[in-house]
Each structure stands twice: as C-alpha cells, then as structure tokens.
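Take a look at the structure set out below.
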Amino acid sequence: TIAMAEEKYRMNNATYGTCDQVLAPGTCTSYNTSLQAYTVAITAGSPTATVYTITAAPKTTDQAKDPCGTLSYAMSAGTATKTPTTAGCW
C-alpha cells in the first residue's frame, strides 16, 4: 500500500515522500491508471518529516455515489486518522 511505501521511504529520508517518490520507479500516474474505482494522491501541504495525507477520490460517477465518497488516510506524528468515519468505509 502507499501508506507502507511512505513508511519505508521515511526510513531512508528526512521527510515522507511525494506520490512519485514513494512509488518509484513507477509514478503516481501509472499507478492510478491501473486502478478502476479511485484516483490516489498524496495531498498538497504534505508530506513533511512527520505528516502525510493520502486521498482516494472516486473516478466514476457510479463510484461517487458510494456513501464513503473520497477516502482520506492521514498520518501525523505517529497517529493515523481515517475519514470518513462512516461504518463500512474502512
């Protein structure tokens, strides 16, 4: 997963990585091309030495109708936060 790739990247670098950095030698674009339902990104404002946020936004109108909508996984100083908190989304 991208979260695991972030942790692996951070072990060898001063900060967490961008999507392309953690997926190297691949790219975020090529990774997203392989996904059918969501587009994954590491959001603006992160990563830093202690923070990153990964989002998964629905690719299609049908997927956007899902009650979970855009999923977000944020890591801040060792504490993970998942949104939305709707039952069944995670």
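FYI, side chains are in, hydrogens and waters are out, and symmetry mates aren't considered; it's all heavy atoms of this structure. Predicted, not measured: the structure shown is a model, and the values here were computed from it.
By the side chain to side chain contact (heavy atoms under 4.5 Å, CB included) test, N12 is found to be paired with no residue, residues two or more places apart in sequence or in another chain being considered. Listed by chain and number, the residues in a side chain to side chain contact (heavy atoms under 4.5 Å, CB included) with A57 are T70 (sequence neighbours excluded). Partners of Y16 according to the side chain to side chain donor-acceptor pair (under 3.5 Å) rule, which considers only residues two or more places apart in sequence or in another chain, are E7.
Checking side-chain atoms of Q21 against main-chain N and O of T18 turns up a donor-acceptor pair under 3.5 Å. E6 places no side-chain N or O within donor-acceptor distance of the main-chain N or O of Y52, the cut-off being under 3.5 Å. Proximity of a side-chain donor or acceptor of R10 to a complementary backbone N or O of A49 within less than 3.5 Å is detected.
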* Audit row: I42, T53, side chain to side chain contact (heavy atoms under 4.5 Å, CB included) steps and yes/no -> CA-CA 6 Å; I42 298 175; T53 301; over 6 Å; no
* Stepwise side chain to side chain contact (heavy atoms under 4.5 Å, CB included) test for V40 and L35 -> CA-CA 9 Å; V40 175; L35 301 176; 3.6 Å; yes
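Using a 4.5 Å heavy-atom threshold, the side chains of L71 and T55 count as separate. T15 is not listed as a side-chain neighbour of T48, based on a closest heavy-atom distance of 4.5 Å or more.
For residues 50-77, every residue pair satisfying the salt bridge (charged side-chain N to carboxylate O under 4.0 Å, His left out) rule, not counting sequence neighbours, is listed here: D62-K65. Applying the side-chain hydrogen bond (donor to acceptor under 3.5 Å, both in side chains) test to residues at least two apart or on different chains, the pairs with a partner in residues 27-40 are T27-S30, Y38-Q63.
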All N/O donor-acceptor pairs, side-chain side in residues 74-90, below 3.5 Å, sequence neighbours left out:
residue: W90; atom: NE1; partner: P84; partner atom: O; Å: 3.2

